> 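This is the structure I have questions about; it appears just below.
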There are 2 protein chains.
Amino acid sequence: MEHRIEKIKKQLHSQSYKLTPQREATVRVLLENEEDHLSAEDVYLLVKEKAPEIGLATVYRTLELLSELKVVDKINFGDGVSRFDLRKEGATHFHHHLVCIECGSVAEIEEDLLGEVESQVENQWGFEVKDHRLTFHGICKSCQKQTVAATTTTHMEQ
Amino acid sequence: MEHRIEKIKKQLHSQSYKLTPQREATVRVLLENEEDHLSAEDVYLLVKEKAPEIGLATVYRTLELLSELKVVDKINFGDGVSRFDLRKEGATHFHHHLVCIECGSVAEIEEDLLGEVESQVENQWGFEVKDHRLTFHGICKSCQKQTVAATTTTHMEQ
DNA sequence: GGGTTATTTATAATTGTTATAATTAATAGA
DNA sequence: TCTATTAATTATAACAATTATAAATAACCC
């Protein structure tokens, strides 16, 4: 944890930004909720718990800054709010997401998966790929199970 | 064109919706600007040219409806506005996009590309894929050329 | 320390979108 | 055809997410 804070601090310094207490509090919230795909509002509320004097605009500005520095990725699942995801240590690419259309859960895929597809795009379309966003919408494992269970227990006759 | 309008009309009717003049005007704007990834506001302004009495809310409602019927896909490139893309005739999947980070142009890829990846996701993560969103960010062909040209003509010495 | 710059706070403004109420158009049945 | 009912639209207000502004505060450098 401290190690990752330290690293982010260096990233900020290298562009002559400072890790102010507010920014640090924001980063800590992101680290502590790494799996959660928080919205700016979510982050704001969590930061407020540990630093009640922080303003919403500061959180927005910090997230924007972290996004420019590629410390976080700003994602949008089409529900009207932007969400912020810490980029994993050492990861150079944007990770992928599995959004369940039943329960709304969001899982992550760290594996690249797109190597093949990207070189196809580069060769066939002459487009130099720098980054990508890939999201699958579908039914997650546990919702599939529930459907099966429900079907079984109700003894549906057709 | 008329053929496609007719088809959309049927799709609406099949769910007991009507193709009102306002809805038709909206659909026509989408058909006439098929390559353009229009925002709701864009659509509104274009529709207003041919049917000045239409309201913004109606355009929003129509786009929402068309989106539910999978006539259009609602996409979001992270610039704060939703964009609406006609689904190509016969296409069952969401097409992909190449967004140029230099000039902002957006190109489309109709080919599926993800067949392999999707079965991998289904097998390895047990996630039943229903739909996907894939966007590549990078440098388009013409911006690549311009960079090369600029580098050449300025005779940069190091 | 004094001046400059960066950052933050609080708040107002803006923007994209959605909800509401009144009106109009379409539809179905008597 | 008249009437009742429902669907759709308009105009506008409300809302929610985000961004801009101005004043205050903190950090930094000479």
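Since this is a predicted model, take the numbers as computed values, not measurements. Convention: sequence-line order gives letters A, B, ...; per-chain numbering from 1.
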> For B/N76, is there any backbone N or O sitting under 3.5 Å from a side-chain donor or acceptor partner on B/R83?
no
> Does anyone know the first and last nucleotide of DNA chain D in reach of chain A, 5' to 3', at under 4.0 angstrom to a heavy atom?
D/dA17 to D/dA20
> Does B/Q144 reach the main-chain N or O of B/I139 with its side chain, forming a donor-acceptor pair under 3.5 Å?
yes
> Less than 3.5 Å apart, any donor N or O on the side chain of A/H97 or A/D85 sitting next to an acceptor on the other?
yes
> Is it true that a side-chain atom of B/K48 and a backbone atom of B/E53 form a donor plus acceptor pair closer than 3.5 Å?
no
> Atom OH of A/Y17 to atom P of C/dA6: distance rounded to whole Å?
10 Å
> Would you indicate whether the side-chain heavy atoms of B/V47 and B/Q22 approach each other to under 4.5 Å?
no
> Within the 4.0 Å limit for protein heavy atoms, which parts of nucleotides 8-16 of chain C are touched? Write it as a string from 5' to 3', B for base, S for sugar-phosphate only, - for none.
BBB-----S
> B/N76 CG to C/dT17 C1': how many Å, rounded?
13 Å
> Go through the side-chain N and O atoms of A/E118 and A/H132 and say whether any donor and acceptor fall under 3.5 Å apart.
yes
> State, to 0.1 Å, how close A/L69 and A/Q11 come at their nearest heavy-atom pair, and which atoms those are.
O-NE2, 3.6 Å
> Main chain of A/T58, side chain of A/T62: is a donor-acceptor contact present, judged purely on distance under 3.5 Å?
yes
